[in-house]
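Comments concern the structure below.
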Amino acid sequence: SYKMNLSTPGDVLSAHGSAGSATQQTITIDNTGTGPLTNVSVTATAPTGWKVTFSPESIASIEPGAAPATITATITPTSDAVSGDYVVTFNASNGAEGATATDSIDMRFTVDTSIVWAIVGIGVILVILGGLFYVFRTFGRR
């Protein structure tokens with residue numbers, strides 16, 4: 001029989017990163033069947049404009065009972081992605097004729113707010129406080 005199990009180390013199906021920057025996620029492929037899996041490749045379905053690449057692009061063979069094979073996915077959200085949760089679906093399949101196995105996982109990817117906006121917010125607050133201090137100091141009663 002030909003079966004595979006697609007997962008992540010520790011079975012954690014969530015990741016996070018900033019908009020426009022790459023985040024790496026390790027994916028494991030375990031052969032749970034009795035026959036070898038050949039030409040195993042992983043694809044991803046991500047939100048529009050996102051880029052997902054894999055290293056290596058495919059695995060030549062995974063023997064039954066052997067240690068799980070690993071592939072590193074590099075997930076890059078668009079630079080204008082709004083902060084929040086998104087779903088990235090990973091699909092694995094082997095290319096053997098008549099000996100196919102497939103599996104998929106849905107991973108939650110959280111786009112974080114950039115630290116730049118926190119710094120800008122603190123700067124605006126400091127400018128307002130400085131302006132209030134100046135107004136009260138200049139026009140206040142003496």
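In this structure the side chain of Gln25 never reaches within 4.5 angstrom of the side chain of Val88, judged on heavy atoms. Looking only at side-chain heavy atoms (C-beta outward), Thr34 and Pro64 stay at 4.5 Å or farther from each other. Taking 4.5 Å as the limit, every side-chain heavy atom of Ile71 sits out of range of all side-chain heavy atoms of Ser55. Inter-residue side-chain proximity for Thr45 and Asn91 is flagged as met; some heavy-atom pair is nearer than 4.5 Å.
Expressed to the nearest 0.5 Å, how far NZ of Lys3 lies from CG of Asn94 amounts to 14.0 Å. Taking CE of Met107 as the start and CG of Leu6 as the end, the distance is 8.5 Å to the nearest 0.5 Å. Annotation: the span from Thr28 atom OG1 to Met4 atom CE amounts to 12.0 Å, rounded to 0.5 Å. Distance CD1/Ile75 to CH2/Trp50: 7.5 Å, rounded to 0.5 Å. Separation of atoms CD1 (Ile27) and OG1 (Thr70) is listed at 10.0 Å; rounding is to 0.5 Å. Distance check: Ser7 OG to Leu13 CG gives 6.0 Å after rounding to the nearest 0.5 Å.
No chain of hydrophobic side-chain contacts below 4.5 Å, direct or via other Ile, Leu, Val, Met, Phe, Trp or Tyr residues, connects Ile119 to Leu129. Note on Tyr134: it does not cluster hydrophobically with Leu126, by side-chain heavy-atom contacts below 4.5 Å among ILVMFWY residues. By the criterion of side-chain heavy atoms lying less than 4.5 angstrom apart, applied directly or through intervening Ile, Leu, Val, Met, Phe, Trp or Tyr residues, Ile125 is not grouped with Val127; the two fall into different hydrophobic clusters.
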Take Ser14 and Val12 through the side-chain contact (heavy atoms from CB on, under 4.5 Å) test and state the conclusion after the steps.
CA-CA 6 Å; Ser14 64; Val12 177; 3.7 Å; yes
Show, in sequence, the C-alpha distance, side-chain angles and deciding distance for Phe90 and Val52, and conclude whether the side-chain contact (heavy atoms from CB on, under 4.5 Å) test is met.
CA-CA 10 Å; Phe90 293 100; Val52 180; 4.1 Å; yes
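In terms of heavy atoms, Ser83 sits closest to Asp112 at OG-C, 3.8 Å. Closest approach of His16 and Phe109 over heavy atoms only: C-CZ, 3.8 Å. Closest of all the heavy-atom pairs between Thr78 and Gly49 is CG2-O, 3.0 Å. For Val111 against Ser18, the heavy-atom pair with the smallest separation is CG1-C, 4.4 Å. Listed here is the closest heavy atom pair of Pro36 and Tyr2: O-CE2, 3.5 Å. Counting all heavy atoms, side chain and backbone alike, Thr74 lies closest to Ala22 at CG2-CB, 3.7 Å.
Looking only at atom types and distance, the side chain of Thr110 has a donor-acceptor partner in the side chain of Asp85 under 3.5 Å away.
Remark: the backbone N or O of Gly33 is paired with a side-chain donor or acceptor of Asn31 at under 3.5 angstrom.
Ile29 pairs in a side chain to side chain contact (heavy atoms under 4.5 Å, CB included) with only one of the listed residues (Asn5, Asp103, Val42), which is Val42.
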